[in-house]
Amino acid sequence: MKPVRLPASATRALPRIALLALALLYILPGLIGRDPWKNEDATSFGIMWTMAHGTLADWLSPNVAGLALPAESPLAYWFGALCIRLFGWLLGDPLAARVSTVGCFMVGSLSIWYTTYLLGRRTEAQPLKLAFGGQPEPKDFGRTLADGAFLIYLGFLGLLLHSHETSPKTLQIALVAYAMYGAARVFDIHKVRHAIWLGGALGLLVLTYGWVLPAGALIGLLILAAIRRDAPAARLLLVVALPLALVISAAWVMAVKTLLPEAAAGHFDLWMSWNVYQLNRPTTAALTFFIRYGVWFAWPAWPFAGWALYAWRRQLGSLHIALPLAFFIPLTLLVLINVHSEQGMLLPLLPALAILAAFGLPTMKRGAINAVDWFSVMTLTTSAAFIWIAWIAKETGWPAQIARNAFKLAPGFKPGFEWISLAIAVAATVAWIFVVHWRISRRPSVLWRAVVLSSGGVILCWVLLMTLWLPWVNYGKSYAGVAQQIESKLTSVKQCVQTNVGPAQRASFAYFGHVRFADERFQSCDYLLLQDDISNEDATVMLRQHPGTWRMVWEGRRPSDRDERFRLYRRVDQ
C-alpha cells in the first residue's frame, strides 16, 4: 500500500516568481565584489583567463599562464573563457567568468525541479485516494514535490561554498542533475530525443571532470533497466546514449591529437592516469570520510531521504525511488573507492538526495517535521545572530574579545562601512523573521513547509556573510595584495619570472600583478619567485635548484596566512 495520504490543500505550489527570487538571492551573493579566492577558485579562473586571452592551444590543453594541467578536462573552462570574452569588457574578467557559474546553478536547480515534477506526477507516486475525494491532482502533487526538492537543494550546507566557486564542480553537479532529467524522460516515455539528451549530458560530463563518474551513472541506469525489465530503455541507453557520449568525448581527443600532436601523447596519458587513479578498493578511511563529512554536507536532505526509503520500502522498484537510487548508489561507491578524500567528491550525490528527500516529505510525521524545523530555527537563527554580533564587534570594537579575534585572523584589515551591504543584510534578516513567524503561527499544511526554514536559514546566513563580512573574507582569501607587491619590485612587466608557485598563486599573480611567468623549460629569466613554508629557515636550499647567483629583493605573504611565504630574487650574475 502506498504510504501517502493527503488532501489537495497540502499541494499548494510556490509562485514561480518566488522560486526565481530565492534562486537569485542564493547564487548572486558571493559572486559580486570579490577577487578569485585561493586554491580551486583562483586556479579555475586562471585557466579560463589564460584561454580567453590565449591561443587555440590554450583552449585545447588547459594551463595557467603556461603551467600545464593535463589532468583537467576543458569544458567548464571553455564556458568561463567564453563569458570572459563576451562580458569581460563590461564586468571585469573575474566577475565575467562567474556568469558561467550562475548558468550552471540555474541548469542544475531547474533540472532537479523538472525531474522531481516528472517523477511526482507518475501514477505509482500518487497519494491514496480519499474516501470522499479531495486528493490532489497528479500535476499539482508533482509540482509541490518539485518545489520541495528545489528548497532542499538550496538548503544543502555542502553546496553553499562550492556553488559559488569558479570551478568545474559547478558544471559537474549541473550535468548530473540534467542527466537525471534525461534519464527520467527515457524511462518514462522511451523517446530517442530524450536518450540524446542523456547521452549528451554524459559526454559533457567526461569533458568536465573525467569519465569515471559518467561511466558509473550509466552502469547504474543499465542495472535499473535490467531490474525493471525495461528493454526499450536499455536499448536507448546502449544504442543512443552510450555512442553519443563516446563521440562527444572522442571529439576533444581527436582535436588535440590533430592540432597539438606534440603534446597529445603525454597529455592524455596523464589525463587517463588521473581518471584511473580514482579507482581503488574501498577503505576504512574512505568510509570514515564519507560518514564524517556526509552528515553535514548533505543536511537537511539525508533525514528525509532515509525516511523516504523506509516509507516506500515496498515500492523500491517504482521509478520515483529507483531512479535517484540508480544515481546515488554507484556514485557513492565511487566516493568510497576514491583515495582523494576531497569534499567536492560528495557534490554529485546531492541531486539524487534532493529528489529522494522530496518524496519523503509527504510521509513524515508532524512531530518529525516539527523537530527538524525547531532544529533549523534554533541553529540557523543563532548562527545569524552571531554573524551580526561579530560584525558589530568588528566595526565598533565591542565586544572587545570578538573584535580582537576578528583582527587576529586578518591582521592589517581596515573595516569599512557600506550602506548597501547593510541594507541588504537588514532586509534579509527581517524576511527571515517573517518566515519563522509564518511557519510557527500558521502551521501550514503544504508539503514544502518542512524544508522552508532549513533553506531560508542557510540563505540568510550566506547573505549576511557575503554582505557584512565579504571585505574581511576577501582580504583573507585573495592574493591580490601579494601580487601587487611583487609587481612593484619588477623593473619591467616584460621580464620573465621563473617560479615554483602553485596554479592558484600563479593565476592571481599573473592577473593582478601582470607577472609574465616563464615556460617551464625556460631557465634564463632575470627574476625567480619561490614559494615555501615560513618554518623553512634555510632559504638557500631551494635556490640550489636554480643555477645562477640570486639576490633577494622582496619577501612577503598574505597577512592571514602564517605559514605560506613568497620570496622574489633577482639574478646578479649577468
field: Nearest non-hydrogen partners of Phe105 and Ala23, listed with the distance
entry: CE2-O, 3.7 Å
task: Report the residues that fulfil side-chain hydrogen bond (donor to acceptor under 3.5 Å, both in side chains) with Arg122, sequence neighbours left out, ordered by chain and then residue number.
output: Glu124, Asp188
message: Is it the case that over 12 heavy atoms from other parts of the model lie below 6.0 angstrom from the OH atom of Tyr114?
response: no
query: So, does Ser455 use its side chain to make a donor-acceptor pair with the main chain of Gly155 at under 3.5 Å?
result: no
field: By ring-ring contact (aromatic ring centres under 6.0 Å, His included) - contacts of His53 (at least two apart)
entry: Trp49
message: Would you say CD1 of Ile189 has more than 12 non-hydrogen atoms from neighbouring residues, nucleotides or ligands within 6.0 angstrom?
response: yes
message: How about CD on Glu137, more than 12 heavy atoms from neighbouring residues, nucleotides or ligands closer than 6.0 Å, or not?
response: no
Gap between atom CG of Leu242 and atom CG of Leu237 - 0.5 Å precision: 9.0 Å
message: Using modelled atom types and a 3.5 Å cut-off, is there a donor and acceptor pairing between side-chain atoms of Ser100 and backbone atoms of Ala97?
response: yes
query: Roughly how far, to the nearest 0.5 Å, is the OG1 atom of Thr116 from the CZ atom of Phe150?
result: 11.5 Å
- prompt: Thr11 versus Leu145: any side-chain heavy-atom pair under 4.5 Å?
  reply: no
task: For residues 231-240, pull every pair meeting side-chain hydrogen bond (donor to acceptor under 3.5 Å, both in side chains), keeping only residues two or more places apart or in separate chains.
output: none
message: Considering only residues two or more places apart or on different chains, which pairs with a residue in residues 142-159 satisfy side-chain hydrogen bond (donor to acceptor under 3.5 Å, both in side chains)?
response: Trp113-Asp147
field: Pro36 backbone acceptor or donor facing Asp41 side chain under 3.5 Å
entry: no
message: Please verify the inter-ring angle class for Trp197 with Tyr178; under 30° counts as parallel, over 60° as perpendicular, anything in between as tilted.
response: tilted
task: List for me each residue that meets ring-ring contact (aromatic ring centres under 6.0 Å, His included) alongside His162, sequence neighbours excluded, and say none if there are none.
output: none
statement: Rounded to the nearest 0.5 angstrom, the OG-CG distance for Ser341 and Leu346 is 9.5 Å
field: Rounded distance [0.5 Å steps], CG in Leu353 versus CG in Leu325
entry: 9.5 Å
- prompt: More than 12 non-hydrogen atoms from neighbouring residues, nucleotides or ligands closer than 6.0 Å to CZ on Arg313, yes or no?
  reply: yes
field: Test item: Thr283 side-chain N/O and Ala286 main-chain N/O as donor-acceptor pair under 3.5 Å
entry: yes
task: With sequence neighbours left out, write down each residue that passes ring-ring contact (aromatic ring centres under 6.0 Å, His included) with Phe87, or none if nothing qualifies.
output: none
message: For residues 209-228, which residue pairs pass the side-chain hydrogen bond (donor to acceptor under 3.5 Å, both in side chains) check, not counting sequence neighbours?
response: Lys169-Tyr209
message: Trp37: which residues meet the ring-ring contact (aromatic ring centres under 6.0 Å, His included) condition with it, sequence neighbours left out?
response: none
task: Could you check Val102, Leu31, Thr170 and say which one makes a side-chain contact (heavy atoms from CB on, under 4.5 Å) with His164?
output: Leu31
- prompt: Quick one: does Trp448's side chain have a donor or acceptor within less than 3.5 Å of a partner on Arg12's backbone?
  reply: yes
- request: Sequence neighbours left out, what passes salt bridge (charged side-chain N to carboxylate O under 4.0 Å, His left out) with Asp230? Give chain and number order.
  value: none
query: Rounded to the nearest 0.5 Å, what separation is found between the CZ atom of Arg98 and the SG atom of Cys83?
result: 12.5 Å
task: Name all pairs fulfilling the side-chain hydrogen bond (donor to acceptor under 3.5 Å, both in side chains) condition that reach into residues 66-80, sequence neighbours left out, sorted by first residue then second.
output: Glu72-Tyr77, Ser73-Trp271
task: Please check if the side chain of Ser44 supplies one atom and the backbone of Thr166 the other of a donor-acceptor pair under 3.5 Å.
output: yes
- prompt: Taking only residues two or more places apart in sequence or in another chain, which ones pass salt bridge (charged side-chain N to carboxylate O under 4.0 Å, His left out) with Arg121?
  reply: none
Identify all side-chain donor-acceptor contacts of residues 289-310 below 3.5 Å with residues at least two apart in sequence or on another chain.
from: Trp302; atom 1: NE1; to: Val295; atom 2: O; distance (Å): 2.8
from: Trp307; atom 1: NE1; to: Thr363; atom 2: O; distance (Å): 2.9
from: Trp307; atom 1: NE1; to: Thr363; atom 2: OG1; distance (Å): 3.0

task: State whether the side chain of Arg506 and the backbone N or O of Ala65 hold a donor-acceptor pair below 3.5 Å, judged by distance alone.
output: yes
Sub-4.5 Å side-chain heavy-atom contact between Asp35 and Pro94: no
- request: Keeping the roles fixed (side chain from Ser163, backbone from Leu160), state whether a donor-acceptor pair exists under 3.5 Å.
  value: yes
field: Gap between atom CG of Leu349 and atom OG1 of Thr332 - 0.5 Å precision
entry: 4.5 Å
